[in-house]
There are 2 protein chains.
Amino acid sequence: MQSKNEPDGQKRSFIEEARRAQIIAAAVQTIASVGFPKASLARIAATAGISKGVISYHFAGKDELMDQVVVTVYTDIAEHLLPRLAEKDTATDIVRAHVMGVAEYALANPERMRTITEIFVHDRDAEGVPRYGALAAEPLYESLETLYREGQASGELRAFDPRVMAVTQQAGIDAMFGYWMARPDTDLLAHARELADLFVRAVRPD
Amino acid sequence: MQSKNEPDGQKRSFIEEARRAQIIAAAVQTIASVGFPKASLARIAATAGISKGVISYHFAGKDELMDQVVVTVYTDIAEHLLPRLAEKDTATDIVRAHVMGVAEYALANPERMRTITEIFVHDRDAEGVPRYGALAAEPLYESLETLYREGQASGELRAFDPRVMAVTQQAGIDAMFGYWMARPDTDLLAHARELADLFVRAVRPD
DNA sequence: TTAGATTCTGGCCATGCAGTCAAAAAATGA
DNA sequence: TCATTTTTTGACTGCATGGCCAGAATCTAA
């Protein structure tokens with residue numbers, strides 16, 4: 001058996017990689033449809049049409065599986081978002097592109113978006129401590145913070161606490177998605193445009 | 001036995017009322033300290049120093065207990081917040097008082113604040129549907145929306161989508177609290193002042 | 001004092017969970 | 001072909017949960 005070896009030792013076999021991808025996809029689908037608390041390994045296995053033991057064979061445990069799901073989805077979001085941000089010049093335009101980019105991604109990939117939200121909110125270790133707590137958002141906050149600071153240095157943005165602005169912008173985006181999930185009839189892109197306006201007004205000089 | 005009767009039939013006995021209050025308090029304390037998923041009835045009973053069966057005797061089930069916790073805390077928050085909002089005249093002042101009022105309450109009652117957040121986020125019915133989902137926030141959204149509309153009608157506020165603003169303001173407040181919970185060193189009231197400024201700038205006319 | 005109602009205890013039950021394992025099946029390669 | 005390795009199966013373990021209940025303890029009132 002070689003399932004126990006991380007990418008450290010040998011490379012993973014083709015079939016091994018395919019199974020892992022299949023199981024990750026089944027996990028995304030299951031979590032999105034029944035929510036994290038009811039997405040047991042048995043249920044994920046059923047979604048994939050395999051026996052429960054296969055998951056244990058290919059992943060060290062549920063924790064490793066969830067980690068892989070998060071990495072997979074995050075990479076996907078970054079691939080969608082980063083190019084859009086790179087082509088903007090001003091901080092204001094980047095803020096707008098950030099809000100709009102996430103909304104576009106969510107509209108195109110609601111399953112992945114819902115899954116990652118579910119994992120962030122619900123996944124906890126044996127002691128009840130969140131496995132993706134405030135720490136997970138930290139890199140995000142830092143990059144937004146850097147963006148704001150540069151805009152403030154150039155005089156494009158007013159003086160404000162960049163950390164509070166970053167936390168609030170991220171919260172506004174998350175809430176937009178949550179609201180849309182609960183009320184799919186609403187116009188997500190219109191919400192995103194309003195939200196972008198809101199933050200542009202919040203950061204610009206008097 | 002009379003535990004099964006809601007306030008409809010007879011009034012509740014003195015001891016009955018005292019026990020219910022004690023159990024609700026124990027639930028608040030337990031959920032705040034170990035989180036909702038680990039706050040089992042057995043654990044809540046242990047916190048209260050009583051046998052598990054007592055909870056079943058005085059409450060129809062865990063759902064009723066959680067409902068009572070929510071009602072208790074919500075009532076408490078409203079009693080703190082409403083008088084402060086009532087004495088303000090302009091929409092701008094009310095927005096500011098709302099943000100600051102919640103922050104003050106959280107600072108004085110972190111246990112209750114954390115408990116209600118935990119319940120909202122984690123409590124789900126047997127089918128996995130959130131028991132306090134988007135519906136729970138609806139009344140809140142509506143009152144903020146009304147406030148904004150009045151401000152817009154009087155010309156004090158610019159034209160914007162009041163629903164998006166309400167969702168975002170609430171999200172900003174929730175995130176402020178979550179951030180403070182994760183990093184208790186930070187200055188909650190300073191965060192609240194920044195947040196209030198942010199929204200005041202977002203709603204005022206150009 | 002005593003009968004009846006109320007309240008409490010602690011053990012029990014069915015359910016669902018993550019993870020384990022021996023054995024079966026499938027793939028591999030000599 | 002056949003021995004060896006990789007992969008899969010499905011039953012099993014141990015644990016935690018919410019709810020249930022028979023009997024004990026306590027309280028109330030006549």
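Everything quoted here is computed from the prediction, not taken from an experiment. Numbers restart at 1 for each chain; the letters A, B, ... are given by sequence-line order, proteins then strands.
Tyr57(B) and Arg19(B) form no side-chain donor-acceptor contact under 3.5 Å, judged by distance and modelled atom types alone.
Distances shown here put every side-chain N or O of Arg19(A) at or beyond 4.0 Å from the OP1 or OP2 atom of dT6(D). Residue Tyr57(A) places none of its side-chain N or O atoms closer than 4.0 Å to OP1 or OP2 of dT8(D).
dC8(C) atom P lies 13 Å from atom CZ of Arg20(B), rounded to whole Å. Protein atom NE2 of His58(A) is 8 Å distant from nucleotide atom C1' of dT8(D), rounded to whole Å. The CG atom of Leu41(B) sits 16 Å away from the C1' atom of dT9(C) (whole-angstrom rounding). Note: CE (Met66(A)) to C1' (dA18(C)) measures 12 Å, nearest angstrom. As rounded to whole Å, 19 Å separates atom P of dA26(C) from atom CD of Glu16(A). Arg43(B) places its CZ atom 11 Å from the P atom of dG18(D), with the value rounded to the nearest Å. Note: NZ (Lys62(A)) to C1' (dC17(C)) measures 8 Å, nearest angstrom. Rounded to an integer number of Å, the gap from NZ of Lys38(A) to P of dT17(D) is 17 Å.
Judged purely by atom type and a 3.5 angstrom limit, Glu111(B) has no side-chain atom pairing as donor or acceptor with the backbone of Ala32(B). A donor-acceptor pair under 3.5 Å is absent between the side-chain atoms of Arg163(B) and the main chain of Glu145(B), judged by distance alone. Remark: the backbone N or O of Tyr105(B) is paired with a side-chain donor or acceptor of Asn109(B) at under 3.5 angstrom. Formation of a donor-acceptor pair under 3.5 Å by the Glu194(B) side chain with backbone atoms of Met165(A) is not found in this model.
No hydrogens or angles were tested; on distance alone, a donor-acceptor pair under 3.5 Å links the side chain of Ser51(B) to the base of dG10(C). The base of dG10(D) does not come close enough to the side chain of Lys52(A) for any donor and acceptor atom to sit less than 3.5 Å apart.
In the helix from dT1(C)-dA30(D) to dA30(C)-dT1(D), the end axes, each obtained as the rotation axis mapping the C1' atoms of four pairs onto the next four within a five-pair block, lie 10° apart to the nearest 10 degrees.
When distances run from any side-chain atom of Ser40(B) to the nucleotides dT6(C), dA18(C), dT17(D), the shortest one goes to dT17(D).
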